[in-house]
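What follows is a set of notes on a single structure, which appears directly below.
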Amino acid sequence: MAVKRETREIFRYAAPFATWIALQTALPAAAWAYAVRSAATALVGIFCLWRGGSRSCATVTESGKRVASPNSEHLGEAALSPLHLLAGLLVGVIVTVLWIVPEISTFYRTWCCWPIGSLPAASHHPSPYDPAVCGWALTITKLIGSAFVIAPVEEVFFRSFLYRWLQKRDFRAVPLSRFNLSAFLWMVFLFTLEHDRPFAAALAGALYGLAAIRWGLASAIAAHVTTNLLLALHVIFSNSWAFW
């Protein structure tokens with residue numbers, strides 16, 4: 001029974017991110033494909049959130065009576081106070097600056113971005129997300145998916161699930177506020193592998209992780225959403241399509 005419960009909880013936390021990665025692998029790098037990926041991931045995330053809420057709010061006693069569970073936990077587990085929201089927004093702004101400013105250096109763009117030796121910002125290939133290529137509807141869909149779908153999904157997976165699972169397989173028994181250096185470094189490393197700016201991604205993963213530990217998951221989500229939203233606006237208004 002305990003194994004089944006743990007498997008169900010792992011699925012609840014990991015399924016949206018797994019959906020994203022699976023569709024990223026299966027579909028081409030096209031604006032319509034990103035829209036499909038965002039929609040599918042959002043639907044899976046909503047389903048997991050709903051199922052988690054319905055199962056975590058109460059337990060059933062031997063007499064059949066439903067009572068509140070003392071250990072209940074939801075994907076939206078940490079309440080977000082105004083101060084924690086402000087802290088998350090500030091972290092998001094800092095990460096945005098750390099992501100954009102190094103791009104001024106040709107050396108950085110050439111040797112510190114994947115693939116090594118390329119010059120992403122000087123690419124002559126039009127971005128599939130440029131409205132001149134795909135239309136404004138799909139460009140805005142890209143912005144929405146980047147900021148409001150994958151950002152919270154990554155935070156739930158990397159910070160709330162993976163960081164705690166690396167400490168204990170029954171990860172829900174691990175307080176998110178507990179700092180574990182080994183788990184933290186692995187979490188940052190794996191988060192970095194997912195991005196094409198490894199140095200910026202490592203700093204982002206570390207700052208989001210510290211925000212989650214210090215102020216809760218919701219603060220880390222606020223930070224990540226802020227970063228991705230600001231980056232998207234920067235891409236659109238400065239024609240910096242290499243970020244996408």
Side-chain angles (χ1 to χ4, degrees), residues 14-46 48 92 95-96 98-158 162 188-205 208 221 224-244:
F17 182 72
T19 300
W20 181 270
I21 294 299
L23 292 178
Q24 184 178 45
T25 303
L27 297 177
W32 67 265
Y34 195 96
V36 170
R37 195 193 326 164
S38 298
T41 301
L43 289 174
V44 173
I46 291 170
C48 291
V95 173
T96 304
L98 293 174
W99 207 279
I100 293 174
V101 171
E103 299 281 324
I104 297 172
S105 168
T106 301
F107 179 87
Y108 177 86
R109 287 186 278 117
T110 305
W111 301 109
C112 301
C113 302
W114 300 119
I116 297 296
S118 67
L119 196 63
S123 173
H124 297 293
H125 300 289
S127 168
Y129 308 110
D130 188 329
V133 175
C134 66
W136 275 106
L138 288 177
T139 298
I140 298 303
T141 299
K142 165 71 173 177
L143 180 152
I144 294 172
S146 173
F148 301 107
V149 177
I150 188 54
V153 163
E154 284 183 328
E155 290 310 302
V156 168
F157 178 77
F158 284 102
L162 183 63
V188 171
F189 173 71
L190 294 172
F191 178 79
T192 301
L193 291 181
E194 193 198 356
H195 298 81
D196 61 358
R197 267 74 169 174
F199 291 100
L203 291 171
Y208 297 153
I221 291 176
H224 202 156
V225 168
T226 299
T227 296
N228 284 16
L229 179 59
L230 293 177
L231 278 175
L233 294 174
H234 171 72
V235 166
I236 292 172
F237 287 105
S238 67
N239 291 316
S240 302
W241 301 103
F243 282 104
W244 277 1

Would you please name every residue forming a side-chain contact (heavy atoms from CB on, under 4.5 Å) with [X], sequence neighbours left out?
X: V235; value: W241, F243, W244
X: F237; value: L233
X: A200; value: W99, Y108, R197
X: T96; value: I100, T227, L230, L231

Query raised in the report: Is there a side chain to side chain contact (heavy atoms under 4.5 Å, CB included) between Y208 and F158 once you walk through the steps?
Result: CA-CA 10 Å; Y208 297 153; F158 284 102; over 6 Å; no

Pairs under 3.5 angstrom only: tabulate donor-acceptor contacts from the side chains of residues 138-146 to other protein residues two or more places apart or in another chain.
from : atom 1 : to   : atom 2 : distance (Å)
T139 : OG1    : Y129 : O      : 2.7
T139 : OG1    : G135 : O      : 3.2
T141 : OG1    : A137 : O      : 2.8

Query raised in the report: Does the side chain of F157 come within less than 4.5 Å of P16's, by heavy atoms?
Result: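 Not touching, per the 4.5 Å side-chain cut-off.
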
**Report entry** V225 and P152, any side-chain heavy atoms less than 4.5 Å apart
**Finding:**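 SC-SC contact between P152 and V225 confirmed.
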
Determine the minimum heavy-atom distance between [X] and [Y], stating which atoms define it.
X: P198; Y: C112; answer: CD-O, 3.4 Å
X: A201; Y: H195; answer: CB-CB, 3.6 Å
X: P128; Y: A31; answer: O-CB, 3.5 Å
X: A202; Y: V188; answer: O-CG1, 3.5 Å
X: L23; Y: A40; answer: CD1-CB, 3.5 Å
X: P126; Y: V133; answer: CB-CG2, 4.0 Å

Query raised in the report: Any side chain to side chain donor-acceptor pair (under 3.5 Å) pairs touching residues 21-45, not counting sequence neighbours?
Result: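 Output for this query is empty, none listed.
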
Report task. With rounding to the nearest 0.5 Å, note down the distance linking CD in E194 to CH2 in W20. Result ->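 The CD atom of E194 sits 9.0 Å away from the CH2 atom of W20.
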
Query - Pairs touching residues 143-157 that satisfy salt bridge (charged side-chain N to carboxylate O under 4.0 Å, His left out), sequence neighbours left out - result: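 Matches after skipping sequence neighbours: E155-R159.
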
